[in-house]
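Inspection log for the structure reproduced underneath, given as C-alpha cells.
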Amino acid sequence: MKIASFNANSVRARMPVILRWLDINRPDVLCIQETKVVDAEFPSGEFESVGYNSVFRGEKSYNGVAVLSLHDIKKVSYGFDGAGLDEGSRLIAVKIGKLDIVNTYVPQGTSPDSPKFKYKLEWFGRLRDFFSGKYKKSGLLIWTGDFNVAPDPMDVHNPKALFGHVGFHPDEHRALAAVRDWGFVDIFRKHKPGPGQYSFWDYRVKDSVARGLGWRVDHIWGTKAAAEKSTDSWIDGDPRLWEKPSDHTPVVAEFEI
DNA sequence: ATGGTAGCAAGGCTA
C-alpha cells in the first residue's frame, strides 16, 4: 500500500500537476490539503476517470481536505465531531483496507503574536483528544497531512534564524509532541534520518528551491503498529519543479499491507 | 529572508 500526502494549494489550479503525479506514481491513497473549493465544485469526476474514488470537504477560497483512493473509502468522517460542523474542512478521517487514515490541514498560525497562533496550539490539543477518543494506540493508524510545523532543527534550512518563527516555534513543538506522545512515530524519519529533506518552499523567497530554502512541514506519522508495517518513505521533489507548481511537494510512504 | 508570489475572486485575506 502506497500512501501520499500533498498540499496542492488549490485542487483546481493544480489539476495538471496532480493528474501527472498520479499517472506516474499510482499511489493507493493520496491525501490532499488546501483544496480551496466547495464540495459542489470538487473535481471528483476527473479523478474518477483516472481510477480514483474521492471523499472531500471544502469551503470557499480557504482550507479544504480530500482523500483519493484506488480502493473503497470507508468510515468517512469530517472534523473533530465527525459531521464536519466544526473544523470539517481541516480534517477528514477514513478507513481504506486495514488502515485508518486521518488527513489534516493544521492551522498555519500566521505569526506567534497572532490569535491564530493560539488557535493553532489549541487545535493540536483537540486533535490529541480526537485520537485518544476515537482510536487505539495499538491499531493501524496513519496521521498525515500539512502539519504546518517543522519538528526538528534539521527540518528547516536555517534553524538559528528561523527559531521562534511560525512553523518552527517551541510552543508548536510542545503542542505537536503532545500529539506524538499519544502514540505516533514519524514514518518518514524512520526511513530517511538525514537533513536537507523538505516538502515546502515559499513562493515568496526568490529561487527558494534552487537555494535549498525549504521546510519539512508535511508528514506521514503512524502508530507503532503502522510504522512497523512501513517499508519506505520519501519526499518527491519533482512536482515542485513542474510548471505551475504548488509551494509544497508530495511525501510518500509504503506499507506491506 | 520584514519582501516577496500565488490563489481565490473580484478587494483583501491567507499562506
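Chain A is the first sequence line, chain B the second, and so forth, proteins listed ahead of strands; every chain is numbered from 1. Everything quoted here is computed from the prediction, not taken from an experiment.
- Dashed line: the shortest gap from a side-chain N or O of A:Arg14 to OP1 or OP2 of B:dG7 is under 4.0 Å.
- For A:Asp207 and B:dG3, the CG to P distance is 19 Å, given to the nearest whole Å.
- Each of A:Asp202 and A:Lys244 has a nearest nucleotide on DNA chain B; the 5'-most of these lies closest to A:Asp202.
- The phosphate of B:dT14 has OP1 or OP2 within less than 4.0 Å of a side-chain N or O from A:Lys116.
- Phosphate contact (OP1/OP2 of B:dA9, side-chain N/O of A:Arg12, threshold under 4.0 Å): present.
- Between the P atom of B:dG3 and the CZ atom of A:Arg204 lies a distance of 13 Å, rounded to the nearest Å.
- Each of A:Tyr105, A:Phe130, A:Phe117, A:Phe80 was checked for a ring-ring contact (aromatic ring centres under 6.0 Å, His included) with A:Trp123, and the lone residue meeting it is A:Phe80.
- For B:dT2 and B:dC8, the C1' atoms lie 25 Å apart once the distance is rounded to whole Å.
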Could you go step by step and tell me if A:Glu59 and A:Ser89 meet the side chain to side chain donor-acceptor pair (under 3.5 Å) rule? CA-CA 7 Å; A:Glu59 61 190 270; A:Ser89 62; 2.2 Å; yes
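- A donor N or O paired with an acceptor N or O is not found under 3.5 Å between the base of B:dC8 and the side-chain atoms of A:Tyr62.
- When rounded to the nearest whole Å, the span between CD of A:Gln108 and C1' of B:dA6 equals 14 Å.
- As a whole-Å value, the separation of A:Lys36 NZ from B:dA10 C1' is 15 Å.
- The residue among A:Leu162 and A:Asp146 whose nearest nucleotide of DNA chain B lies closer to the 5′ end is A:Leu162.
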Donor-acceptor contacts, no H, no angles, side chain residues 64-77 of chain A, under 3.5 Å, sequence neighbours left out:
{"residue": "A:Ser69", "atom": "OG", "partner": "A:Asp28", "partner atom": "O", "Å": "2.8"}
{"residue": "A:Ser69", "atom": "OG", "partner": "A:His71", "partner atom": "N", "Å": "3.0"}
{"residue": "A:His71", "atom": "NE2", "partner": "A:Asp28", "partner atom": "OD1", "Å": "2.6"}

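- Spacing of P atoms, B:dT5 relative to B:dA10, comes out at 24 Å, to the nearest Å.
- Spacing between B:dA9 and B:dT14 at atom C1', rounded to whole Å, works out to 13 Å.
- Side-chain nitrogen and oxygen atoms of A:Thr110 include at least one within less than 4.0 Å of the OP1 or OP2 phosphate oxygen of B:dA15.
- Of all non-hydrogen atoms in A:Val252 and A:Trp21, the two that sit nearest each other are CG2-CZ2, 3.7 Å.
- Here A:Phe131 and A:Phe184 bring their ring centres to under 6.0 angstrom of each other.
- Distance A:Tyr203 OH to B:dC8 P: 10 Å, rounded to the nearest Å.
- When the C1' atom of B:dC13 is taken as reference, atom CD of A:Glu34 falls 13 Å away, rounded to whole Å.
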